[in-house]
Amino acid sequence: MDELRKVKSMGEQHENVLLMAMSTLPRQPKINTYKIEDGAETLYFKSLSQMEPHTKCVLYMLATRGEKLDRIVILESSKVREEKPENWKQETATSLFAKRICNYLGRHEEVGIEVADELENLKESSCDWSIYEEGLPDIITIDLDNSVFFWEAAKAIRGSERGKRIHLYMDMQGGDRNAVSQMNAIAELLGRQNVIIQGRFANDFEPKREKPLHTIRDASREYRTYELISAMDIFARYGRGDKLEEYFRESGSGDTKEKKLVEAIQEASLAISRCSGDGFDSAVQKIEQLEKEFENPDTITEMDVVYEDIFDDYKPLLTSKYRYVAQILWCLDKQFLQQALTILEAKMPCEFVRSGLLYYLTIDEDREKFLEKCEEIYKELPKKERYRMKDLNHYLLKDYFFYNYKQKFFGDPKKLLKLKFGLNSKHRKEVGLLWEDYKDICNLRNQINHAADGKHNPDGFFCYMKERALEKDSTWNEDTRVNVEERIRQFLDDWTKLADQVPEKTRRKIVDLS
């Protein structure tokens with residue numbers, strides 16, 4: 001009942017919708033009584049079929065706060081739609097349900113089925129009929145045999161006024177197991193379209209019990225696993241943790257390992273959205289530090305089931321020898337092309353230095369003297385250009401040292417610093433070619449950004465570049481047209497193979513001043 005009693009926001013406009021899968025009628029008519037505890041009060045609802053009590057309960061509780069049920073969406077199988085069993089006065093399950101609900105709301109519909117009520121002393125709790133003076137809830141039936149029933153059900157739930165918030169109530173008792181799965185799938189699909197599940201209801205119907213009194217219960221928690229699966233799917237595909245954060249916030253996990261994990265995932269996804277390689281790395285390390293908490297058998301929760309998947313998703317980032325390379329590949333796997341390009345442009349100079357392919361300082365050299373030379377370079381820069389030296393690796397390799405494409409060597413325009421190589425001279429040409437490829441990809445990123453600055457074109461970057469090609473622009477060639485993702489992956493693969501050849505003893509003596 002707590003879900004039903006959520007207070008409306010001031011001025012909020014929403015519609016209330018009930019979704020159910022209709023059950024077939026039993027062989028013999030029988031009046032069943034259902035109860036639900038509402039604080040100190042016990043509410044009772046009568047039914048000829050198991051589909052009535054939850055609907056009446058929702059109608060009652062909405063009426064107590066001055067709201068009405070706008071429509072009831074019913075999933076119907078062909079058997080439910082066509083079958084008219086003996087003893088049921090030619091009623092189908094849906095037609096009987098509609099008449100019974102109509103009668104409950106103070107309108108008269110002849111049913112004509114005479115059945116003794118074994119618990120007639122327990123009077124049905126009636127709702128305020130006046131709220132339905134202008135009309136009863138619409139009843140919309142969806143044919144499950146229709147190939148587009150998902151679409152029809154979604155339209156019926158959302159209603160004709162798009163953009164209006166929908167408060168969805170779900171009767172989980174009816175239909176077969178397949179229909180229940182379909183209901184949950186529909187509800188989850190609509191979760192991003194202003195449809196908010198307010199409650200899922202079921203009962204403990206046991207026909208053979210001695211006392212024919214049944215209990216209505218809120219089954220929301222039982223079905224929240226679907227929400228966890230949905231949240232995990234979003235994380236696995238896109239690295240986003242917002243749905244996981246929402247799931248565990250609503251379950252009241254508090255300051256627990258779940259909260260710490262979800263906060264770290266959120267921090268990681270925020271860092272990626274901002275193209276912050278260092279922030280992403282910090283967040284992933286927090287996830288790694290939680291491993292022991294999730295290995296504790298005394299604190300097992302449902303999150304332990306999915307933690308291994310989450311940890312495995314980030315594991316390459318923790319075990320990789322080249323952490324920024326791993327980040328770029330992770331972004332590509334999640335289809336974050338812009339983030340991959342940005343991190344590549346910003347952090348590959350750092351990887352060149354840390355790998356030992358190119359470096360400028362070792363532990364046996366005078367660091368202070370080296371920094372004095374860097375300061376000398378810095379002071380000679382125009383003030384508007386000084387921001388470039390915020391990352392020394394990036395500035396020195398990308399903006400200070402130059403690469404002579406014809407003579408294949410790296411140089412220092414001021415003869416102040418010397419660039420060193422972790423591989424012997426026969427590999428320096430390969431290093432130079434890799435550096436050229438890195439600069440080309442940086443230019444490609446800039447071209448993509450410039451294309452995005454213009455008018456929105458559905459064909460995007462490649463259409464923009466084709467237009468430039470027609471003008472015989474030298475920046476456009478067949479190589480530029482290849483798949484960008486494949487080009488980045490090929491570059492990283494070639495880079496890694498070459499970096500792996502740098503002796504470990506060389507790496508250990510390198511000083512990284514980034």
Side-chain angles (χ1 to χ4, degrees), residues 188 221-222 224-336 339-340 342-344 346-348 350-351 354-355 489 492-493 495-496 499-500 504 507-508 512 514:
E188 293 301 330
R221 182 159 183 79
E222 298 167 31
R224 274 178 59 78
T225 305
Y226 285 90
E227 296 172 27
L228 180 56
I229 293 169
S230 174
M232 269 304 297
D233 184 58
I234 291 170
F235 165 75
R237 289 176 184 273
Y238 311 114
R240 289 175 50 190
D242 54 338
K243 293 295 288 185
L244 282 170
E245 190 275 334
E246 179 182 317
Y247 176 86
F248 286 101
R249 182 181 70 241
E250 290 182 358
S251 65
S253 298
D255 188 19
T256 61
K257 61 184 182 183
E258 290 90 354
K259 183 179 179 182
K260 295 176 189 174
L261 176 60
V262 172
E263 285 178 348
I265 292 172
Q266 283 287 72
E267 185 180 327
S269 61
L270 180 62
I272 281 296
S273 71
R274 294 175 175 174
C275 302
S276 171
D278 293 326
F280 186 53
D281 189 62
S282 173
V284 170
Q285 288 183 33
K286 290 180 182 178
I287 294 169
E288 181 184 29
Q289 292 163 9
L290 287 169
E291 189 173 14
K292 290 184 179 179
E293 292 192 45
F294 281 92
E295 290 177 347
N296 185 353
D298 297 327
T299 60
I300 295 294
T301 70
E302 56 195 342
M303 192 58 159
D304 287 78
V305 178
V306 297
Y307 174 75
E308 188 173 345
D309 284 342
I310 293 171
F311 185 71
D312 285 347
D313 191 83
Y314 286 128
K315 201 168 187 178
L317 302 171
L318 300 166
T319 57
S320 175
K321 189 189 306 183
Y322 314 113
R323 74 183 196 186
Y324 294 121
V325 170
Q327 283 185 19
I328 297 163
L329 290 171
W330 187 92
C331 288
L332 292 177
D333 290 341
K334 303 295 184 187
Q335 300 179 27
F336 293 158
Q339 284 83 350
T342 300
I343 293 173
L344 183 146
K347 294 301 182 181
M348 280 311 296
C350 181
E351 290 288 34
R354 291 179 179 178
S355 68
R489 289 185 185 277
L492 294 177
D493 186 53
W495 185 93
T496 302
D500 282 344
E504 190 59 39
R507 284 201 187 99
R508 285 198 294 267
D512 172 21
S514 62

Would Asp278 and Arg323 count as a salt bridge (Lys or Arg N to Asp or Glu O under 4.0 Å) if you check the C-alpha gap in whole Å, the side-chain angles of each, and the deciding distance to 0.1 Å?
CA-CA 10 Å; Asp278 293 326; Arg323 74 183 196 186; 3.3 Å; yes
(message) For Lys347 and Val325: C-alpha separation, side-chain torsions, deciding distance, then whether side chain to side chain contact (heavy atoms under 4.5 Å, CB included) applies.
(response) CA-CA 9 Å; Lys347 294 301 182 181; Val325 170; over 6 Å; no
*Chi angles and distances behind the side chain to side chain contact (heavy atoms under 4.5 Å, CB included) call for Glu263, Gln266*: CA-CA 5 Å; Glu263 285 178 348; Gln266 283 287 72; 5.5 Å; no
Worksheet item: Going through the checks in order, is the side chain to side chain contact (heavy atoms under 4.5 Å, CB included) test met by Val284 and Leu318?
Response: CA-CA 7 Å; Val284 170; Leu318 300 166; 3.4 Å; yes
(Q) Quick check: do Gln285 and Leu317 have side-chain heavy atoms less than 4.5 Å from each other? (A) no
- Item | Side chain Glu351, main chain Tyr324, donor-acceptor under 3.5 Å | yes
Parallel, tilted or perpendicular: ring planes of Trp330 versus Phe280, cut at 30 and 60 degrees: tilted
Residues Glu267 and Ser282: closest non-hydrogen pair is OE2-OG, 4.1 Å
(message) Quick one, Gln339 with Lys334, criterion side chain to side chain contact (heavy atoms under 4.5 Å, CB included). Give me CA distance, side-chain angles, the key distance, then yes/no.
(response) CA-CA 10 Å; Gln339 284 83 350; Lys334 303 295 184 187; over 6 Å; no
Closest non-hydrogen contact found for Ile343 with Cys275 is CG1-O, 4.2 Å
Here the pair of heavy atoms bringing Ala326 nearest to Pro316 is CB-O, 3.7 Å
Tightest non-hydrogen contact, residues Ile272 and Cys331, listed as CD1-SG, 3.6 Å
Taking every heavy atom of Ala271 against every heavy atom of Gly279, the minimum-distance pair comes out as CB-C, 3.6 Å
| message | Regarding Arg507 and Asp512, does a basic nitrogen lie under 4.0 Å from an acidic carboxylate oxygen? | response | no
One should read off an interatomic distance between Tyr314 OH and Thr319 OG1, to the nearest 0.5 angstrom, of 14.5 Å
Point to revise | Donor-acceptor contact present, side-chain Thr496 to main-chain Leu492, <3.5 Å | key: yes
| Does the Gln327 side chain pair with the main chain of Leu344, one donor and one acceptor, at a distance under 3.5 Å? | no
